[in-house]
Colleague: 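Please read through the structure below; I'll follow up with questions.
What you see is a predicted model, and the numbers here were worked out from it, not measured in a lab. Only heavy atoms go into these numbers, but all of them, side chains included; no hydrogens, no water, no symmetry mates. Each chain gets a letter, A, B and so on, in the order its sequence line appears, and its residues count up from 1.
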2 protein chains.
Amino acid sequence: MDKLSALSAFGALSQETRLDVFRLLIRAGEAGMLAGEIAEALDVRQNTMSANLSVLLSAGLVKNTREGRAIRYFADTDGLRGLLGFLLQDCCGGRPDLCGPLIEDIACKC
Amino acid sequence: MDKLSALSAFGALSQETRLDVFRLLIRAGEAGMLAGEIAEALDVRQNTMSANLSVLLSAGLVKNTREGRAIRYFADTDGLRGLLGFLLQDCCGGRPDLCGPLIEDIACKC
DNA sequence: CTAATATTTCAATAATTCATGATATATGGA
DNA sequence: TCCATATATCATGAATTATTGAAATATTAG
């Protein structure tokens, strides 16, 4: 992950529809969702959603795969991991004991 | 953490100078850095940096404290934790085994 | 009180980003 | 082939965001 990719990822997540999409896809997990389903779920026009999905795609935050006429989208957890790794690079100055608590309790409490 | 706060945090990190500042403060750890030091380290004008610091501040990503005439800034790791928690909310659909790997290996490899 | 230092705030211009309508592409079925 | 469905692309105007110079605020020292 380089700085430019990180900037585009944060930019992607800084817009309401795209943040909604990403969180929706995180919740959808491995099942993912079709582009049309996403647009309908969030009540956003088809072309607007398409543009937003392509922003998330080029930011490395979602993946997709064609499924007949439709296209299924998934959250790209590897991309997210890379982003967070970049953000927290050298966070502990050689002292992992300072670093651990920083990311503890992030996981969902399910 | 609500959606509006998350949007402002991601928006704050989507600008190069502010991303640099946050990563610098993450590396600085508990020592933090004075506003002037940050501006000098990143070669950004003082008033521009002040505006960017105030964006990070109101996004909950940094904290500050007055130190004589100067002001010392720190990364706000609680704010970051809240942001990530919001982003990954309900990520595993009741199955923590799917959730764990998502945040593994984020910690720095120090 | 006056001067110097450190930082913030303000107003204006410049640059970027967003949603939309119209159109184009791709796939599947008759 | 022709049509319908699903999604993507393009051009434009509207809205948001960023940087700058100038001025203001806060703190400390003399």
Colleague: Using a cut-off of less than 4.0 Å, is there contact between a side-chain N or O of B/Arg66 and OP1 or OP2 of C/dT7?
Modeller: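 The answer is no; no side-chain N or O of B/Arg66 sits under 4.0 Å from OP1 or OP2.
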Colleague: Grab the CG-C1' distance between B/Leu53 and C/dT9 for me, whole Å please.
Modeller: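 Result: 14 Å.
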Colleague: Quickly work out the B/Ile71 CD1 to C/dT5 C1' distance and round it to whole Å.
Modeller: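 My rounded result for the distance is 13 Å.
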Colleague: Please tell me which of the listed nucleotides, C/dG21, D/dG21, C/dA19, lies nearest to the side chain of A/Gln15?
Modeller: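 Closest of the options to the side chain of A/Gln15: C/dA19.
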Colleague: Reading DNA chain C from 5' onward, which residue's closest nucleotide shows up sooner: A/Val44 or B/Gly36?
Modeller: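 Going by which nucleotide is closer to the 5' end, it is B/Gly36.
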Colleague: Examine the base of D/dA6 for any acceptor or donor lying under 3.5 Å from a partner atom in the side chain of A/Gln46, and report the outcome as yes or no.
Modeller: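 No.
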Colleague: Can you tell me which nucleotide in D/dA8, D/dT20, C/dG29 comes closest to the side chain of A/Arg69?
Modeller: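 That would be C/dG29.
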Colleague: Rounded to the nearest angstrom, tell me the gap between atom CD in A/Glu67 and atom P in D/dT5.
Modeller: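 After rounding, the reported distance stands at 19 Å.
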Colleague: Rounded to the Å, how far apart are A/Glu16 CD and D/dT16 C1'?
Modeller: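 A/Glu16 atom CD is separated from D/dT16 atom C1' by 15 Å.
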Colleague: It should be established whether A/Tyr73 places a side-chain nitrogen or oxygen under 4.0 Å from OP1 or OP2 of nucleotide D/dA6.
Modeller: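 The answer is no; no side-chain N or O of A/Tyr73 sits under 4.0 Å from OP1 or OP2.
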Colleague: Among side-chain atoms of A/Asp20 and A/Thr17, is any donor-acceptor pair under 3.5 angstrom?
Modeller: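 Judged by distance alone, the side chains do not pair up.
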Colleague: Measure from CG on A/Leu42 to P on C/dA19 and round the result to the nearest Å.
Modeller: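 My rounded result for the distance is 12 Å.
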Colleague: Under 3.5 Å, is there a donor-acceptor pair linking the side chains of B/Asn47 and B/Ser50?
Modeller: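 No.
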Colleague: At under 4.0 Å between heavy atoms, what does A/Asn52 touch on the DNA or RNA strands: base, sugar-phosphate, or nothing?
Modeller: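 Answer is sugar-phosphate: A/Asn52 comes under 4.0 Å of backbone atoms only.
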Colleague: What's the CG-P distance between A/Asn64 and D/dA8, to the nearest Å?
Modeller: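 Going from A/Asn64 (CG) to D/dA8 (P), I get 7 Å.
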Colleague: Checking contacts here: which listed nucleotide (D/dT7, D/dT20, C/dA6) is nearest the side-chain heavy atoms of B/Asn47?
Modeller: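 That would be D/dT20.
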Colleague: Under 6.0 Å from the CG atom of B/Asp43, do we count more than 12 heavy atoms belonging to anything else shown?
Modeller: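 At most 12 heavy atoms, drawn from other residues, nucleotides or ligands, come within 6.0 Å of this atom.
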Colleague: Out of the candidates A/Thr65, A/Asn64, A/Ile26, only one should pair with A/Phe74 under the side-chain contact (heavy atoms from CB on, under 4.5 Å) rule; please name it.
Modeller: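 Between A/Phe74 and the candidates, side-chain contact (heavy atoms from CB on, under 4.5 Å) is satisfied uniquely by A/Thr65.
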Colleague: Are B/Thr48 and D/dT19 close enough that a side-chain N or O sits under 4.0 Å from OP1 or OP2?
Modeller: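 Looking at the OP1 and OP2 atoms of D/dT19, neither is under 4.0 Å from any side-chain N or O of B/Thr48.
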Colleague: A/Arg18 has a side chain; which of C/dC18, D/dT20, D/dT7 sits nearest to it?
Modeller: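 Looking only at heavy atoms from C-beta outward on A/Arg18, the closest nucleotide is C/dC18.
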Colleague: Would you call A/Leu83 and A/Leu87 a side-chain contact if the rule is heavy atoms closer than 4.5 Å?
Modeller: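 Not in contact.
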Colleague: Counting any heavy atom closer than 4.0 Å, what does B/Arg72 reach on the DNA or RNA strands: base, sugar-phosphate only, or nothing?
Modeller: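 Here B/Arg72 touches no strand at all.
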Colleague: To the nearest Å, how far apart are B/Met49 CE and D/dT19 P?
Modeller: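 Computing the B/Met49:CE to D/dT19:P distance gives 10 Å.
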Colleague: In this structure, how many angstroms lie between the P atom of C/dC18 and the CZ atom of A/Arg45, rounded?
Modeller: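 The distance from CZ of A/Arg45 to P of C/dC18 comes to 18 Å, rounded to the nearest Å.
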Colleague: Would you say a side-chain N or O of A/Ser50 is under 4.0 Å from OP1 or OP2 of D/dA8?
Modeller: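 The answer is yes; a side-chain N or O of A/Ser50 sits under 4.0 Å from OP1 or OP2.
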